Amino acid sequence: MTHSGAKKPLEARKSGALSGRVRVPGDKSISHRALILGAMAVGETQISGLLEGEDVLNTAKSMRALGARVERQGEGAWSVRGVGVAGFAVPEKPLDFGNSGTGCRLAMGAVAGSPIAATFDGDASLRTRPMRRILDPLEQMGARSCNCADGGRLPLVLEGARDPIPIVYRTPVASAQIKSAVLLAGLAAPGTTTVIEKEWSRDHTELMLTHFGAEVSSEADGAHGRKISLKGQPELNGARVVVPADPSSAAFPIVAALVVPNSDIILADVMTNPLRTGLIKTLREMGGQIDELNRRGDAGEPMAELRVRASQLRGVDVPPERAPSMIDEYLVLAVAASFAEGTTRMRGLQELRVKESDRLAATAAMLRVNGVKTEIVGDDMIVEGRGHVPGGGLVATHMDHRIAMSALMMGLASDAPVRIDDMSFIGTSFPDFVPMMRRMGAELS
Ligand code: S3P
């Protein structure tokens, strides 16, 4: 999906206390996986609570183009009738993943185990992102890539393997996208495919593969690492998937409620998988009042209701090994750190440079233009919190939904309003963001 229209600026102003109970949209990682595994399974997969943001809708279209029957039956309710492992058909047109690295990279893994060729493409942001990290292991498994620009950039053609080879793969960076691509390709290989990661990244693929009937084992490897093995050529059967609310989307109202004085909000059904809750842990260390109520779970994914109350925050040191569990949340953590008293040092953020934008540079620029002293030293970001934020800046969002939402949250409590140059990419992950925040009392216009 392309955003060819004019940019849509938006401004956030100092707001009164935020209040109310909301459910942020379904988790993006789980939504992509439910569609992809549903397309690779035999029989029907029923999904409820699917995120209907542009990124996920592009994955749905791609699975349809590959031969699966994908139907929307109601709000967030989708049915997928799969083609079976290695059963994809040749798509007639290039698969367009828009802004989404996850959709694109996981689908590459899925296609790598089918004897077909498909063209992968995306928007201007996705075309800048590195795909070599995915192509390397998939080529070891017998897939071939061609027509790609330097560093394996999109657009590119991926030819799946006729006889995929099971491999043991050590990921060069802790990335659930790389791990998932290898495991999805490994579904079609005979024997055991193993992925070893230095730091444990989100395990939704492993949990969902098990839920669909595959045999997956996972054990500790070193201090923070993990070794995951999948038995190839399983009976993958369609299943029911309930998508919990996305903690990476909940991150925005959570930080807003902490920094806007007297706020008290409740967020329903937020996924609390420990591999996704690094932000909550860090905000609690900073003094944030975040309580978990009504814990429960579905298909291996825990969830809870979160109550968040305005809090006096203090600066903290965030260790590098926490990065995989909050990789998408550093932008909004930097906003919280700006309102804290004291210095926050976030360590080991090299992966932020290759997200929807160079998030390290873009976050530092967002803070500086609003009067917050910020430094980047090596791969660390250091934010000097002074208890309040001057604001008044115009933030460049670089086709990045999370920069846009983080900057707006800053403006709800800064002395002067914060403006963003373009709100259109918010729709990739959180289509209802502006009305939902307004309902809680946010001044956005
Ligand atoms: C995701 C993994 C992360 C994250 C992305 C979603 C996933 O990327 O940034 O938004 O669903 O697997 P990496 O695993 O490449 O860090």
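Indexing begins at 1, ligand by ligand and atom by atom, following the structure's order. Just so we're clear, the structure is a prediction, and the values are computed from it rather than from any experiment. For this chain, numbers begin at 1 and follow the sequence in order.
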Participant: Output the set of protein residues with a heavy-atom contact under 4.0 Å to ligand 1, ordered first by chain identifier and then by residue number.
Facilitator: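 Residues S29, R33, T102, S175, A176, Q177, R202, I327, D328, K355 each place a heavy atom under 4.0 Å from ligand 1, listed by chain and number.
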
Participant: Throw together a table of side-chain donor-acceptor distances under 3.5 angstrom for residues 34-42, partners on residues two or more places apart or in other chains.
Facilitator:
none

Participant: Whether the T374 and R368 side chains hold a donor-acceptor pair (N or O, under 3.5 Å, no angle test) is what I'd like checked.
Facilitator: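 Per modelled atom types, T374 and R368 side chains form no pair under 3.5 Å.
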
Participant: Distance-only check: which donor-acceptor pairs under 3.5 Å involve side-chain atoms of residues 212-223, not counting sequence neighbours?
Facilitator:
from, atom 1, to, atom 2, distance (Å)
S218, OG, R226, NE, 2.9
S218, OG, R226, NH2, 3.4

Participant: Identify the residue among R276, K28, R402 that makes a side-chain hydrogen bond (donor to acceptor under 3.5 Å, both in side chains) with S248.
Facilitator: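 So the option named by the test is R276.
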
Participant: Listed by chain and number, what are the side chain to side chain donor-acceptor pair (under 3.5 Å) partners of D400, not counting sequence neighbours?
Facilitator: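 So D400 forms a side chain to side chain donor-acceptor pair (under 3.5 Å) with S357, R359.
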
Participant: Are any of the side-chain heavy atoms of M437 and L18 separated by less than 4.5 Å?
Facilitator: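 Yes, close enough: below the 4.5 Å cut-off.
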
